[in-house]
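First up is the structure itself, then whatever we jot down about it.
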Amino acid sequence: MAPSADPVSRIVIENAAIATVDAHDTEYASGHLVVAGNTIESIGAGRAPEDLENVVRRIDGTGHLVTPGLVNTHHHFYQWITRGLATDHNLFDWLVALYPTWARIDEPMVRAAARGSLAMMARGGVTTAMDHHYVYPRGSGDLSGAIIGAARDTGVRFTLARGSMDRSVKDGGLPPDFAVESLDGALAGTEAAIDAHHDASFDSMTQVAVAPCSPFSISTELLRQGAELARRRGVRMHTHGSETVEEEKFCHELFGMGPTDYFESTGWLGDDVWMAHCVHMNDADIAAFARTGTGVAHCPSSNARLAAGIARVPDMLAAGVPVGLGVDGTASNESGELHTELRNALLINRLGAHREKALNARQALRLGTYGGAQVLGRADQIGSLERGKLADLVLWKLDTLAHASIADPVTALVLGAAAPVTLSLVNGKPVVEDNHLITADEDAIARVTRDEARRLAQIAAGA
Ligand SMILES: [Zn+2]
């Protein structure tokens with residue numbers, strides 16, 4: 001007789017407030033959650049059953065809130081080593097200022113920047129990250145492999161949006177000629193990343209999306225053939241869209257239509273697509289996103305930093321558009337942590353047309369969890385705390401000076417200071433314990449990222 005499989009080990013959390021972010025926004029003032037292996041086995045009010053077998057940890061969550069892990073839906077990891085530059089620019093001026101530096105990145109720099117970006121997000125409660133990487137200088141090494149290796153080392157669930165640029169200044173685009181790939185090179189590199197790294201399984205830790213950069217840095221043909229590639233391979237599609245008035249003007253001048261119509265004409269609306277920013281959307285654009293199921297990565301801090309404007313998130317949600325949150329690259333959002341985006345999504349949208357009714361704390365938490373899972377195409381697996389879903393969750397400590405006098409835990413989490421993370425689990429495994437990353441040495445990462453930032457600055461200065 002074959003030996004039976006090892007009994008699955010269990011982690012029990014109890015006596016904690018729980019915000020499940022399920023379809024009914026179910027919450028427990030004091031509840032329990034049982035993780036079995038990499039899956040949520042049970043969740044509910046009161047204490048966990050006493051007679052569970054093979055419990056390896058029983059955690060008293062008194063003074064804590066448990067939520068789904070945060071999901072980041074837009075980022076550019078490499079920018080971790082070019083933070084704090086061109087600080088008073090709009091998008092196009094900022095890009096033109098930074099492209100020459102970015103074009104000099106190499107594999108050790110990208111690896112260091114990815115580790116820095118991932119460490120910062122993970123210690124702040126992110127359990128699923130993504131990187132939209134679109135700068136692939138010739139001879140710079142295996143950048144996709146370096147980024148994916150960094151995500152694996154950090155222990156977070158990850159989507160690499162394999163980006164590309166092939167429209168340089170000589171073709172009417174914004175990036176300099178030396179910063180772009182050829183059309184064929186971009187498509188081949190993207191397909192190679194899918195071949196090497198994409199895992200479509202339920203509990204996948206690594207997925208790859210097709211992600212040409214933006215209308216002003218890519219050819220129409222790259223959009224068309226990129227969509228064809230993504231759909232042939234069954235992977236998702238990501239790009240930047242409708243970020244600034246300058247981009248809108250660019251699209252009208254070059255293509256005779258606005259960004260959303262241009263994306264639709266090239267096959268880039270659909271329930272397998274999510275787009276960063278979507279700030280300048282009229283009613284017809286929002287209706288097109290809703291009709292096609294196209295998702296949005298809302299990046300309020302970056303939009304403010306680059307003076308892009310306020311995305312119409314309440315109107316998108318009312319129309320049924322899936323919306324998640326994004327840090328965006330840390331050259332336009334130096335904090336690099338997603339809690340800031342929960343808070344700023346709420347605050348900045350209240351400065352828009354809907355004022356105090358724009359978003360509440362629970363809607364902000366939903367954007368940063370379930371909404372993110374939706375736009376990454378993983379809402380069946382992560383984004384809410386429900387029986388059978390993957391155990392990606394965060395235990396936030398809310399009983400210290402920063403939060404203890406706020407009675408409602410979700411309000412404390414969203415409107416208060418960034419809360420310490422007592423424990424985060426990804427796929428049932430601890431990534432943060434007692435507010436420290438346990439999968440990596442934060443001080444060592446800080447030193448290496450500082451050194452690589454200096455090396456890049458020196459190379460760029462001598463270019
Ligand atoms: Zn971006």
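Indexing begins at 1, ligand by ligand and atom by atom, following the structure's order.
- With salt bridges taken as basic N to acidic carboxylate O contacts below 4.0 Å, one links Glu264 and Arg291.
- The set of protein atoms (N, O or S) found at less than 2.8 Å from the Zn ion (ligand 1) reads His74 NE2, His76 NE2, His240 NE2, Asp328 OD1, by chain and number.
- Between Glu228 and Arg224, none of the side-chain N atoms (NZ, or NE/NH1/NH2) sits under 4.0 Å from a carboxylate O, so this pair counts as no salt bridge.
- No salt bridge links Arg157 with Asp203; every basic N to acidic carboxylate O contact stays at or beyond 4.0 Å.
- A salt bridge is absent between Asp328 and Arg305: the closest approach of a Lys/Arg side-chain nitrogen to an acidic carboxylate oxygen does not fall below 4.0 angstrom.
- Side-chain atoms of His277 do not come within 3.5 Å of backbone N or O of Gly241 as any donor-acceptor pair.
- Formation of a donor-acceptor pair under 3.5 Å by the Lys389 side chain with backbone atoms of Ala379 is found in this model.
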